[in-house]
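The structure follows.
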There are 2 protein chains.
Amino acid sequence: MEKSNAVKSLTALAQESRLDIFRLLVRKGKTGMAAGELSDYFGLPKATMSFHLKELTNAGLITARRKSRSIIYAANYDNMNALINFLVENCCSDNGGKC
Amino acid sequence: MEKSNAVKSLTALAQESRLDIFRLLVRKGKTGMAAGELSDYFGLPKATMSFHLKELTNAGLITARRKSRSIIYAANYDNMNALINFLVENCCSDNGGKC
DNA sequence: TCTATATTTCCATTATAATCGAAATGTTTT
DNA sequence: AAAACATTTCGATTATAATGGAAATATAGA
């Protein structure tokens, strides 16, 4: 993962509502949830939810797919893992690998 | 890890200089690096570096210890791992554990 | 095609964060 | 106790992000 992408992802997660949304989608698996469902679930206005979903999508942390009238959002596990690997990369390598 | 702590940690990491600093300290292991060394290494003014180190410290991502005249900063691996676990907690549990 | 439904964009308002020179604080050495 | 060194705090400036109602866009079903 590139650094600019990592900063974008971390910025997306560094906000209480978006962290809640992401963690719920992480639990939900590939089934995901519709934008309106998420809006109802968290009691957030649709415009606010849409803004947050866009931030998470632009960061690559979640994906969007249309299903009939709804748009279903789901966690992007590959990018989530890439972000985590970026954070711990070369852990303690300058200390002889001893952590 | 509590959610408010997670948001604080992610906010701390969601900034290019601080992400660089943290990742360097992750590589350095418990030996760590002095504030002034970090300031020289990244070419940042001492006041700016101090501000960023405080943010990372308040978030619990790094620790500070005095060694003679210098203050040595080092990654807090326990809290780093706690943050990662918080992000992936109950992954896919609402989808029968299938990711 | 017309209506209902789902989501997004627009935009104005409000709130929060980053930057860094200069001054202040704390520590060691002579 | 004074000088030298290391880091932090102060404070003014500049930049970026969150919020949500109303209007716009897009799809589905009668």
Side-chain angles (χ1 to χ4, degrees), chain A residues 3-25 28 31-76, chain B residues 3-25 28 31-76:
Chain A
K3 189 166 69 176
S4 64
N5 192 180
V7 170
K8 221 172 171 182
S9 296
L10 291 163
T11 300
L13 293 172
Q15 204 279 340
E16 185 163 350
S17 297
R18 285 197 298 262
L19 185 55
D20 287 339
I21 295 162
F22 178 74
R23 297 209 319 140
L24 178 56
L25 291 179
K28 285 289 167 184
T31 310
M33 268 178 97
E37 278 185 290
L38 286 165
S39 171
D40 292 344
Y41 186 93
F42 289 110
L44 290 175
K46 314 249 180 230
T48 303
M49 180 55 69
S50 192
F51 169 77
H52 289 317
L53 290 172
K54 195 175 77 173
E55 295 289 303
L56 287 165
T57 305
N58 288 342
L61 286 166
I62 63 175
T63 58
R65 65 175 194 276
R66 181 173 282 278
K67 185 187 179 184
S68 168
R69 279 192 272 225
S70 299
I71 308 233
I72 308 291
Y73 288 92
N76 182 334
Chain B
K3 188 166 70 176
S4 64
N5 192 180
V7 171
K8 222 172 170 183
S9 296
L10 291 163
T11 301
L13 292 172
Q15 203 279 340
E16 185 162 351
S17 297
R18 285 197 298 264
L19 184 56
D20 286 339
I21 295 161
F22 178 73
R23 297 211 318 141
L24 178 56
L25 291 178
K28 285 288 166 185
T31 310
M33 265 178 101
E37 279 186 290
L38 286 164
S39 171
D40 292 345
Y41 186 93
F42 289 112
L44 289 175
K46 313 251 181 230
T48 304
M49 179 54 69
S50 192
F51 169 77
H52 288 318
L53 290 171
K54 195 174 79 173
E55 295 289 304
L56 287 165
T57 305
N58 287 342
L61 287 166
I62 63 177
T63 58
R65 67 177 192 275
R66 181 172 282 278
K67 186 189 180 184
S68 168
R69 276 193 275 227
S70 298
I71 307 232
I72 308 290
Y73 287 92
N76 183 334

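So you know, we letter chains A, B, ... as the sequences are listed, proteins then strands, and number each from 1.
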| Counting only side-chain N and O atoms of His52(A), is one of them less than 4.0 Å from OP1 or OP2 of dA17(D)? |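 Checking His52(A) against dA17(D): no side-chain N or O falls below 4.0 Å of OP1 or OP2.
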
| Rounded to whole angstroms, how far apart are CZ on Arg69(A) and P on dA4(C)? |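 So the CZ-P distance, Arg69(A) to dA4(C), works out to 11 Å.
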
| Closest to the Phe51(B) side chain, choosing from dT8(D), dG29(D), dA18(C) |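 The closest nucleotide is dA18(C).
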
| message | Over all strands shown, is Ala47(B) touching base, sugar-phosphate only, or nothing at heavy-atom distances under 4.0 angstrom? | response | base

| said: So, does Arg18(A) get its side chain near the phosphate of dA18(D), meaning an N or O under 4.0 Å from OP1 or OP2? | reply: yes

| When the distance from CE of Met49(A) to P of dA18(D) is rounded to whole Å, what number comes out? |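 After rounding, the gap between these two atoms is 14 Å.
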
| Roughly, in whole Å, what's the span from CG in Asn58(A) to P in dT8(C)? |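 Rounded to the whole Å, the gap is 11 Å.
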
| task | Select from Ser17(A) and Glu37(B) the residue whose nearest nucleotide in DNA chain D is closer to the 5' end of that strand. | result |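 First, find each residue's nearest nucleotide; the 5'-ward one identifies Glu37(B).
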
| field | Rounded distance (Å) that lies between atom P of dA17(C) and atom NZ of Lys54(B) | value | 12 Å

| Distance in angstrom units between Met33(A) CE and dT7(C) P, rounded |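 From Met33(A) CE to dT7(C) P: 11 Å.
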
| said: Under a 3.5 Å distance rule, please check whether Ser9(A) uses its side chain to pair with a backbone N or O of Asn5(A) as donor and acceptor. | reply: yes

| message | If the cut-off is 4.0 Å, is Thr48(A) near the phosphate of dG20(D), judged by side-chain N/O to OP1 or OP2? | response |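 Checking dG20(D) against Thr48(A), a side-chain N or O does come within under 4.0 Å of OP1 or OP2.
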
| DNA chain D: Thr11(A) or Lys67(A), which has the more 5' nearest nucleotide? | Thr11(A)

| query | What nucleic acid atoms does Ser50(B) come within less than 4.0 Å of, heavy atoms only: base, sugar-phosphate, or nothing? | reply | base

| dA17(D) phosphate, OP1 or OP2: any side-chain N/O from Gln15(B) under 4.0 angstrom? | no

| message | If the cut-off is 4.0 Å, is Ser70(B) near the phosphate of dT7(D), judged by side-chain N/O to OP1 or OP2? | response | yes

| request: Ignoring hydrogens and angles, tell me if any N or O in the side chain of Arg66(B) forms a donor-acceptor pair with the backbone of Ser68(B) under 3.5 Å. | output: yes

| task | Look at Tyr73(A) and dT8(C) and indicate whether a side-chain polar atom (N or O) is within less than 4.0 Å of OP1 or OP2. | result |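 Yes, within the criterion.
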
| Donor-acceptor under 3.5 Å (Ser39(A) side chain, Leu44(A) main chain) | yes

| said: Let's go through Leu24(B) and Phe42(B) carefully: what are the C-alpha distance in whole Å and the side-chain angles of both, what is the deciding distance for side chain to side chain contact (heavy atoms under 4.5 Å, CB included) to 0.1 Å, and is it a yes or a no? | reply: CA-CA 10 Å; Leu24(B) 178 56; Phe42(B) 289 112; 3.8 Å; yes

| From Leu38(A) CG over to Lys46(A) NZ, what is the distance, rounded to the nearest 0.5 angstrom? | 10.0 Å

| query | Roughly how many Å is it from CG in Leu38(B) to C1' in dA6(D), rounded to a whole number? | reply |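 Atom CG in Leu38(B) sits about 13 Å away from atom C1' in dA6(D).
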
| query | So which nucleotide from dT29(C), dT8(C), dG21(C) ends up closest to the side chain of Ala35(A)? | reply |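 The listed nucleotide nearest to Ala35(A)'s side chain is dT8(C).
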
| task | Let me know the distance between CG of Asp40(A) and P of dT5(C), rounded to the nearest Å. | result | 14 Å

| query | dT8(C) C1' sits how many Å from Arg65(A) CZ, rounded? | reply | 19 Å

